[in-house]
A.B. asks: 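Have a look at the structure that comes next, please.
Note that this is a predicted model, so its numbers are computed, not measured. We name chains A, B, ... by the order of the sequence lines, and we start the count at 1 in each one.
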There are 2 protein chains.
Amino acid sequence: MRRIAPDRDGLLAMIGEIFREHGYEGASLALIGAATGLGKGSLYHFFPGGKEEMAGAVIAHIDGWFEDNVFAPLRDRADPLTGIEQMLDATDSYFRSGRRVCLIGAFALDESRDLFADQIGSYFGRWVVHLAGALERSGHRAGEAGELAEEAVAAIQGALTLARAANDLDVFSRALRRLRMRLGLRAKV
Amino acid sequence: MRRIAPDRDGLLAMIGEIFREHGYEGASLALIGAATGLGKGSLYHFFPGGKEEMAGAVIAHIDGWFEDNVFAPLRDRADPLTGIEQMLDATDSYFRSGRRVCLIGAFALDESRDLFADQIGSYFGRWVVHLAGALERSGHRAGEAGELAEEAVAAIQGALTLARAANDLDVFSRALRRLRMRLGLRAKV
DNA sequence: CCGAAATTGTACCGATTGGTACAATGAGTC
DNA sequence: GACTCATTGTACCAATCGGTACAATTTCGG
């Protein structure tokens, strides 16, 4: 049986927060070391590829979380609206109602995109595709479902940007509430 | 009469592209020097405050462009729909149909936000407020206009992120086309 | 308890970071 | 031509960057 390094999930989560807050360039090994309590020796032991491998692993980690908690419900739920509801709840919880920012979205903006273009493209691409699938099964025509899905994912990203720019979390909750209705769910209790 | 440094606008534009592509941390003085053809001597002559002053001036420069080409039409046009149309055209042209990314939006995401929080907040805040005003004058109820304006600005930011993530400019044009209809304009020719 | 492997701390590397100092040059004014 | 002030190139600074080397230590199965 493969022995997993102790709490690799927790490690990736901590490193992820540094990348999330400081960006790829801004996340120095000193910051990462301070946040994790690990010296360079340990960090390069777990990630021989250095900073780039760390960032790639963090992206994969986040991607896995979304695969399980967002994409899978959209794809597998018998009732597509239930899947969509689950996506919105998971999204709200992941981004801590707007307190957190989307690391993968942030990476998409600057030059670090080039290093992780495939992972970034796949993450957003699958989000849109699976949401479009659920929308189609919930009664939308194919083309319309695709556009609506793209609009919804973009709305989430934009709301995160705006919420942080305005330093106002309500921006994000308002966006999610609008999405809920727009995607065919009744207003939340 | 005040003697303006030769082509300060052009200088800020060049520096702005570096910040846009590499982010605040990633934009090194070496890159900025290479892009502008200026050595440190000149750069620190024009911006004694160093990198931070450069970024601040770049933000102000962009803000001024939006004030003239986006906010002013929204505020001053007699026909609000003409103003909105002008906003969308200016936006499409500024972001080069999605080839360019929003520097201010990118700054909002990482820690560099703290340095420029006021400028960033004002930029997006005024965008939303003036768009909301135009929407209200075009017949929307006040609250609804505010939400729609917020939704529209977020949609633009999100579309820029998504377009770059997918490396597909059509994502941005589709978003603008949807906005056009959603904000009360007839489909474009 | 032993040996092997996983893990860690520390010292070190060359390169680059943002920033400063300053002398040389530029151009325009009297 | 002399004076002034804007502009520039160069040398330099301490600090930090990402990364490497490696010996010391832990950990753990046998």
A.B. asks: Does the side chain of A:R126 come under 3.5 Å of the side chain of A:S122 through a donor N or O and an acceptor N or O?
C.D. replies: yes
A.B. asks: OP1 or OP2 of C:dT7 sitting under 4.0 Å from any side-chain N/O of A:S42?
C.D. replies: no
A.B. asks: Rounded to the Å, how far apart are B:F46 CZ and C:dG19 P?
C.D. replies: 17 Å
A.B. asks: Please check the phosphate of D:dT8 (OP1 and OP2 only) for any side-chain N or O of B:H45 closer than 4.0 Å.
C.D. replies: no
A.B. asks: So, are A:E151 and A:R182 salt-bridged, with charged N and O less than 4.0 Å apart?
C.D. replies: yes
A.B. asks: Between B:M54 (CE) and C:dG19 (C1'), how many Å, whole number?
C.D. replies: 10 Å
A.B. asks: Please determine whether any donor N or O and acceptor N or O are separated by less than 3.5 Å between the side chain of B:K40 and the base of C:dG19.
C.D. replies: yes
A.B. asks: Are B:E25 and B:K51 close enough for a salt bridge, meaning some N to O gap below 4.0 Å?
C.D. replies: no
A.B. asks: Tell me the interatomic distance from A:K51, atom NZ, to C:dA15, atom C1', rounded to whole angstroms.
C.D. replies: 14 Å
A.B. asks: Tell me the interatomic distance from A:L29, atom CG, to D:dT20, atom C1', rounded to whole angstroms.
C.D. replies: 12 Å
A.B. asks: Distance check needed: C:dT8 P versus A:L11 CG, whole Å only.
C.D. replies: 9 Å
A.B. asks: By the definition side chain to side chain contact (heavy atoms under 4.5 Å, CB included), identify the one residue from B:V58, B:I32, B:L103, B:L29 that meets it with B:I18.
C.D. replies: B:I32
